[in-house]
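Here's the structure we're looking at; comments come further down.
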2 protein chains.
Amino acid sequence: MSSKPAKGTPTLVDIAKLAGVSRATASRVINGVPTVDKAMAAAVRKAVKSTGYTPNPAARSLVNGKAGSIALVISGSDGSAEQVFGDPFFGRVTGGVVKYLGTVGIHPSLVLADSDQARTDAVNFVRRGNADGALLVSTHADDPLPGLFVAEGIPAVLFARPARPVPISFVDLAHGRGAAMAAERLVERGCQRVVTIAGPADLPAAQDRLTGFRQAMAQYGKPYVPVAEGNFTLASGEAAMATLLAEQPDLDGVFAANDLMASGALRVLRDRGRSVPDDVAVIGFDDSEPAHAARPRLTTIAQPIEEMAAEMSRILLDLIADPSAPPISKIFDPYLVTRDSA
Amino acid sequence: MSSKPAKGTPTLVDIAKLAGVSRATASRVINGVPTVDKAMAAAVRKAVKSTGYTPNPAARSLVNGKAGSIALVISGSDGSAEQVFGDPFFGRVTGGVVKYLGTVGIHPSLVLADSDQARTDAVNFVRRGNADGALLVSTHADDPLPGLFVAEGIPAVLFARPARPVPISFVDLAHGRGAAMAAERLVERGCQRVVTIAGPADLPAAQDRLTGFRQAMAQYGKPYVPVAEGNFTLASGEAAMATLLAEQPDLDGVFAANDLMASGALRVLRDRGRSVPDDVAVIGFDDSEPAHAARPRLTTIAQPIEEMAAEMSRILLDLIADPSAPPISKIFDPYLVTRDSA
DNA sequence: TTGAAAGCGCTAACAC
DNA sequence: GTGTTAGCGCTTTCAA
């Protein structure tokens with residue numbers, strides 16, 4: 001059948017020979033160049049199918065200077081690898097990215113940047129051509145990594161706005177709007193004495209949620225909202241709730257900046273004999289696992305994480321296609337998920 | 001200073017020229033070949049440092065036929081992308097892999113195989129040279145993917161033993177031993193009427209846990225252990241606990257095959273006015289987030305997931321270095337984490 | 001020990 | 001429209 005004994009995986013010359021055309025033509029067909037004779041194109045495609053040929057990505061990259069891949073950089077504080085990945089939030093972001101990129105045939109390289117060394121390595125990894133651009137997901141808003149990528153002129157997109165202004169594209173959530181939705185819900189239920197459990201003050205997202213909530217409450221004629229700060233953990237939510245209860249024993253509405261703290265609040269409310277949502281209405285934020293696990297199930301503000309992750313990927317792809325394009329941002333609206341707690 | 005205007009990123013010839021040696025020698029130094037004149041080697045290293053040179057991975061791959069990368073394949077049932085990544089278990093495996101591989105300078109490509117199409121794509125991805133081997137993490141034990149990789153002769157290692165025997169390397173947990181530890185703990189506490197909430201019968205891990213628990217209890221003189229099957233969810237844990245309570249109202253010890261079901265059990269026990277651990281001792285499995293969030297905090301059996309993930313990576317690297325090596329497996333011991341519920 | 005030279009598989013001018 | 005040819009940047013015989 002064939003003129004020569006096939007050795008190893010087939011290459012373009014094998015295809016060309018088999019189809020009776022030149023390497024150039026075979027290459028054209030494979031890359032979808034339209035100006036090719038029908039018959040020849042068909043012959044090439046047949047050869048490809050029969051041999052199971054797939055182009056060698058290294059050879060391709062070498063000639064056209066593109067890696068055909070992108071890096072998904074998870075940037076955490078020093079040495080906090082496992083914690084980062086154990087957080088479903090990052091898992092969902094990763095899932096959204098992988099899912100979307102999979103549809104265009106690209107599989108991201110996961111790189112962990114949790115030390116200065118790792119950060120430079122990450123930059124070099126893409127700088128040297130292992131990836132055409134980077135998706136950055138940080139645990140901390142004041143991450144130095146975005147700056148590094150920008151400085152190298154590497155196409156990059158952030159998940160969540162950076163704490164300090166950096167000329168870089170990003171996607172983010174309208175945290176303030178989400179908080180306002182919570183306020184609206186509480187007010188609609190008729191809550192008169194509403195309090196809030198805020199997140200860490202140094203986190204832009206936590207700030208936005210607090211500010212958004214206060215502003216919305218002010219619009220509803222409640223300019224003063226008692227607040228206790230937590231750090232997004234269950235225990236801090238419990239502590240904050242206890243503090244708030246001491247300050248305002250007759251409170252009837254709680255907005256917590258995340259679900260875990262809301263779960264903590266639910267617990268102390270229950271221990272104090274307050275019925276939720278009858279005595280006190282509680283709303284969380286994120287629609288994460290704890291929201292489902294809580295009893296009563298938590299009414300919460302959800303973020304379209306996967307959608308945001310997909311958009312982030314799309315933006316990066318565009319940026320890679322046209323590196324001179326200016327940074328852009330896209331802000332997504334959260335939505336209220338009504339369950340039993342409010 | 002330099003003889004020619006530097007255009008773009010430096011290449012090996014730039015280094016060679018700068019160091020006054022041939023490309024071959026420069027390459028040798030960079031690749032750590034020992035038989036190079038001290039002075040020349042020093043000159044090359046200096047040139048590398050001054051230019052910030054890094055080898056082009058595509059060119060390297062092209063010549064030596066190795067990708068210098070590996071694929072981390074998450075294989076789920078059809079279309080269940082997000083769910084998979086939202087599960088901290090997979091997050092921890094991923095974290096362990098990324099962390100370990102990072103130490104040897106390699107960043108895995110994440111590929112999601114959640115459809116037949118995606119599975120073939122995944123195989124092709126590495127077959128065509130994007131990766132030298134694959135790490136496989138499946139949600140279902142009867143995953144067809146391991147077989148596909150084996151059939152292609154691609155180096156691959158599994159996290160958890162496959163349901164049907166396949167000649168492939170894997171790491172796994174001694175699930176039965178973990179269950180036995182739970183049994184021992186319960187018996188030591190003096191529990192007399194112990195029951196268990198099992199996982200899905202078609203999952204090898206769940207089977208092992210149930211079998212291990214029964215065998216251990218039998219050794220302690222308790223050949224009969226009432227069992228109710230759940231599906232690893234909170235709700236199924238609640239249902240199972242209710243069933244068991246109906247069957248054995250005076251039970252005083254519960255072993256649940258995972259923490260989420262144990263949390264469910266804790267809840268109904270509490271609702272029925274049983275005090276944990278005084279009236280009833282409860283032990284979970286996995287030491288996952290719910291174990292911390294539960295009240296009382298859950299005593300549970302922990303798996304060294306990150307360690308297992310690192311070992312899986314190590315095994316793959318060895319396999320890539322010597323593809324003719326036979327499949328090997330490594331089984332890790334779980335350990336008891338004592339908290340408040342038992 | 002070192003250098004010259006031959007590719008690895010592919011794409012993209014550039015002629016035909 | 002199609003084929004020829006020149007590399008992309010690197011490693012690696014093979015001589016010297």
Side-chain angles (χ1 to χ4, degrees), chain A residues 4 6-45 47-48 51-69 124-125 127-130 132, chain B residues 4 6-45 47-48 51-69 124-132:
Chain A
K4 286 195 179 177
K7 56 139 205 167
T9 47
T11 72
L12 195 56
V13 310
D14 297 322
I15 299 301
K17 212 163 283 179
L18 228 166
V21 303
S22 71
R23 298 203 301 289
T25 298
S27 176
R28 289 185 186 109
V29 174
I30 287 163
N31 292 295
V33 174
T35 62
V36 177
D37 180 82
K38 291 282 185 188
M40 286 184 150
V44 171
R45 267 188 281 271
V48 167
T51 56
Y53 167 83
T54 47
N56 179 318
R60 244 183 197 177
S61 296
L62 185 54
V63 56
N64 66 18
K66 314 236 101 240
S69 171
N124 281 333
F125 179 77
R127 195 174 62 85
R128 85 167 59 130
N130 277 300
D132 300 323
Chain B
K4 286 196 179 175
K7 56 138 206 169
T9 46
T11 73
L12 194 55
V13 311
D14 297 324
I15 299 302
K17 214 163 280 178
L18 228 165
V21 302
S22 70
R23 298 203 301 289
T25 298
S27 175
R28 290 185 186 108
V29 174
I30 287 163
N31 291 294
V33 174
T35 62
V36 178
D37 181 80
K38 290 282 185 189
M40 286 183 152
V44 170
R45 268 188 281 270
V48 167
T51 56
Y53 167 82
T54 46
N56 178 317
R60 244 183 196 177
S61 296
L62 186 54
V63 56
N64 66 19
K66 314 236 102 239
S69 172
N124 281 334
F125 179 77
V126 5
R127 195 174 62 85
R128 85 168 60 130
N130 277 301
D132 299 322

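Letters go in sequence order (proteins before strands), and every chain restarts at 1. Everything numeric here is computed off the predicted structure, so don't read it as measured data.
- Between the CG atom in Asp132(A) and the OG atom in Ser61(A) there is a gap of 7.5 Å [rounded to 0.5 Å].
- Annotation: the span from Thr9(B) atom OG1 to Asn56(B) atom CG amounts to 7.5 Å, rounded to 0.5 Å.
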Reading 5' to 3' through nucleotides 11-16 of chain C, protein heavy-atom contacts under 4.0 Å coded B for base, S for sugar-phosphate only, - for none
BBB---
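- The heavy-atom pair separating Ser27(B) from Leu12(B) by the smallest distance is CB-CD2, 3.9 Å.
- In this structure, Arg128(A) has no side-chain hydrogen bond (donor to acceptor under 3.5 Å, both in side chains) partners at least two apart in sequence or on a different chain.
- The distance between atom NZ of Lys66(B) and atom C1' of dC10(D), rounded to the nearest whole Å, is 16 Å.
- Direction change of the helix axis from one end of the helix from dT1(C)-dA16(D) to dC16(C)-dG1(D) to the other is 40°, with five pairs defining each end axis (rounded to 10°).
- Separating the CG atom of Leu62(B) from the P atom of dG7(D) is a distance of 17 Å, rounded to the nearest angstrom.
- For dG9(D), neither phosphate oxygen OP1 nor OP2 lies less than 4.0 angstrom from any side-chain nitrogen or oxygen of Thr11(B).
- Between the Asp37(A) side chain and the Met40(A) main chain, a donor and an acceptor come within less than 3.5 Å of each other.
- Residues from residues 34-41 of chain B that place a heavy atom under 4.0 Å from any atom of DNA chain C, listed by number: Thr35(B), Val36(B), Asp37(B), Met40(B).
- Val29(A) and Ala41(A) make their closest contact through CG2-CA, 3.7 Å (heavy atoms, listed as atom of the first residue, atom of the second, distance).
- Side-chain nitrogen and oxygen atoms of Thr25(A) include at least one within less than 4.0 Å of the OP1 or OP2 phosphate oxygen of dG3(D).
- Applying the side chain to side chain contact (heavy atoms under 4.5 Å, CB included) test to Val13(B) and every residue at least two apart in sequence or in another chain returns Thr11(B), Arg23(B).
- Nearest heavy atom pair, residue Val21(B) against residue Ala26(B), reads CG2-N, 4.1 Å.
- Atoms CG and CG, on Asn124(B) and Asn130(B) in that order, are 10.0 Å from each other to the nearest 0.5 Å.
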Can Val44(B) and Ile15(B) be said to form a side-chain contact (heavy atoms from CB on, under 4.5 Å), step by step?
CA-CA 7 Å; Val44(B) 170; Ile15(B) 299 302; 4.0 Å; yes
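- In this structure Ser22(B) satisfies the side-chain hydrogen bond (donor to acceptor under 3.5 Å, both in side chains) test together with Thr25(B), sequence neighbours excluded.
- In this structure, Asn56(B) atom CG and dT11(D) atom P are separated by 10 Å, rounded to whole Å.
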